[in-house]
Amino acid sequence: MSTQSSILDRILLNPQQRDAVVCDRWPQLVFAGAGTGKTRVLTAKIAYLIEHHRVNPYHIFAATFTNKAAAEMRTRVENLAGISCAGMWIGTFHSLCARILRQQAGRIGYAPSFTIYDDNDQMSLIRTVMKELEIDERTMQPRHALNLVSTFKNACMTPSDCAPNAQGYYQKEIVRVYERYQSRLHEQQAMDFDDLISNTVYLLRRDAEVRQRYQDMFRYVLVDEYQDTNTSQSMLVRILGGSHGRVFVVGDDDQSIYGWRGAQIENILSFEKHFSGTTVFKLEQNYRSSQRILDFANAVIGYNGRRAAKTLWTERTGGMEVAVSRYGDDRQEAEQVVECAARLAGTGTRLGRMAVLFRTNAQSRVFEDALRKRNMPYVVVGGMSFYERKEIKDCLAYLRLVINAKDDVSCDRILNVPSRGIGAKSRDMLVARARAAHCSMMEAILTGEFGEAEGKSHKGFESLRELFMHLREMAQGGAGPDAILDEMLTLSGYVDSLEEEGTDEADGRLENINELLNAVAARRKEKPGLTLAEFLEEVTLTSDIDRWSETQDAINLMTLHCAKGLEFSIVFLVGLEDGLLPSRQNFDDNAKIEEECRLLYVGCTRAMDRLFCSHTDQRWRFGSLMPMTPSRFLAQVPETLYTFFDHTKAAAAYEKISAATPHVPRRQEREVRRQTPREQAYDEYSQEEIQYRIGQHVVHRNYGRGKILSVSGFGPDMRLTILFHDGTRKKLMARFANLETP
DNA sequence: TTGTTTATTCTTTTT
DNA sequence: GAATAAACAA
């Protein structure tokens, strides 16, 4: 790092960005509209502090919402300031808090190796709690209970804080569930996502010594996406940064889309109230999108009333028109979007720079089908991630139990997987024994507490005891996660039982397990000292988007939420219909409708060069065709800001959009995503696949003439529902039905 | 106790 | 239509 060159010479900043970076009057708030260089300012600020103000990197606390954003910040600071950021406090709120809590676990009655429960684990726990309290799932939905518990925690309210405010039977029951849920978590040495934040806040509030320590340590507190912070997160920022006031937050109220997760848009709108003497900056020059796209996006967000005043502008005047298309149904929508993408790929835009964005994960399916049909490579980001699969969760549960024998949720999960003759009855007996001995299920197994249980289950318990004795010994002996996982897979019989099954599904699972082994090994290579505990924490706190990178040349399919913070040359915004965007579930509440509008705005502002919006007349939902109307957000965009294409009126309109996008011969492209054996089976089958359509008339040799009501599945799994002339309705496997067309 | 069939609810969005 | 839970058979 040369002494005469300043950070400001090495990074290009406009006057507003520069003002924010060099400002030394704290606290500071930056309103950064979409595509205005938010990350650039944040990283420049850190580099500037380190280099110009000679701030020790370890005195900086920088929080983001995704690991991806954190990793990006890290590497950019490293490049800019020419230092290594290893060990620096740059991370997500959750991982930074986990780090503090592991250092201080003893102070709040936890072991440093506490387990982190994800959404799935939370659900299992709340279910067992409700069962214990004898609350019927029909009177209280576990999902709803969990949401309320989460709301309490986000506001840093303990069960005893809630109790006095609880009115009526239902609320009192909820508090009872919360109380029991929380004590079970503690007994099992586990914390859920919300606990990571709220327990840190409790710790810092209660323990003056610890508080002092971290306040001294974190002399600068920086936060990205401040509009997404919830109450506990803003409390944390206030505790850490409030005393010295050196707080720097960046955000955009127009991109607040996590209200449903407790985010308080008020945190950014009234930041100045909490932090007196705040200097406010506004970044309004957009470097991402063309003028046409920006105009369209601005019109969309204009639907909302309450906003911090700002006007985005760009030097990229003109650009291609925004297209709004109407399609007959979702299948047509998918086919045409894919066709359009293929054409554009032929004119030079790489598929990796295109994205299809939708409101719900379920919408990805039609696009996957359409893309697969054309042999085009695609990546689905989010949705059911690798680490959410059953077999992977099972493996992780085993590993968690090795570290933390108090984890009953994990024990429950693997107790009889693979089956060892321990059914519901034996399980209940184990739980009863454990409770009598004041210990956890696994602890009871390890001490042989299952006693003289007769028959099959005794053998099962005994094998579990041996397995875990062995694995725990390995872990204590310093064995790495890869070795422990490998040993567990063979000794538990997990692999054997899958191999025995021999079905395509079991093969797929085995393959996934293999991939997990590879992932652990790879991670271990990158970071040789990686402990089992660290690996598990990494896995639970890492999401699908964190691993996403644009290097693959495949079109990206993801939800609007997932797309935040990303940019693409070409964006297809699909399913812009009332009930979907805005979601029907948010119809009742105006604040929620406004959040849906912001969601659409986020989607529009992802596009750099071209934006294609679409809606359909009919869409398959819940297994039947539902009539749809265009989104109310589209209705208020002036028609001059886009070109409308009606694809329901057959060829004429279609020709028009074809002309708009130059035609190129279809290219055969290889799918980047690895195919599972199951998918290969489908592909092989589809070579000779017979096409069936809804409404098609067919003849069956036993049942006679009939009409196809619905088609489900594809390949060898394709099923047909057929209404026969005698009025009977039958569901048949297409490949066995031997249908003829009359 | 296990594996199969039937009934039910469900879809927002995720660290 | 799909995934899951309860119900049922073996």
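Reminder, nothing fancy here: chain letters follow the sequence lines and each chain counts from 1. Atoms considered below: every heavy atom in the structure, side chains included; atoms not considered: hydrogens, waters and symmetry mates.
- Ion pairing between a basic and an acidic side chain is recognised when a charged N comes within 4.0 Å of a carboxylate O; A:Lys38 and A:Asp252 show no such pairing.
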List every contact pair, protein side and nucleotides 4-6 of chain B side both N or O, where the distance is under 3.5 Å.
none

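- In this structure, the side chains of A:Phe65 and A:Lys564 stay at 4.5 Å or more apart for every pair of heavy atoms.
- Under 4.0 angstrom from either OP1 or OP2 of B:dT15 there lies no side-chain N or O belonging to A:Asn67.
- OP1 or OP2 of B:dT14 sits under 4.0 Å from a side-chain N or O of A:Asn361.
- Regarding contacts with the backbone of B:dC10, a side-chain N or O of A:Gln141 is found under 4.0 angstrom from either OP1 or OP2.
- DNA chain B is contacted by both A:Asp119 and A:Leu580; A:Leu580 maps to the nucleotide lying nearer its 5′ end (nearest heavy atom per residue).
- Between A:Leu415 and A:Leu430 there is a side-chain heavy-atom pair separated by less than 4.5 Å.
- Between A:Arg465 and A:Glu462 there is a salt bridge, since a side-chain N of the basic residue sits under 4.0 Å from a carboxylate O of the acidic one.
- Taking atom C1' on both C:dA6 and B:dT11, the two are 22 Å apart, rounded to the nearest angstrom.
- Comparing B:dC10, C:dA2, B:dT15 against the side chain of A:Thr92 picks out B:dT15 as the nearest.
- A close approach under 4.0 Å does not occur between any side-chain nitrogen or oxygen of A:Arg143 and OP1 or OP2 of B:dT9.
- Looking only at side-chain heavy atoms (C-beta outward), A:Gln188 and A:Tyr117 come within less than 4.5 Å of each other.
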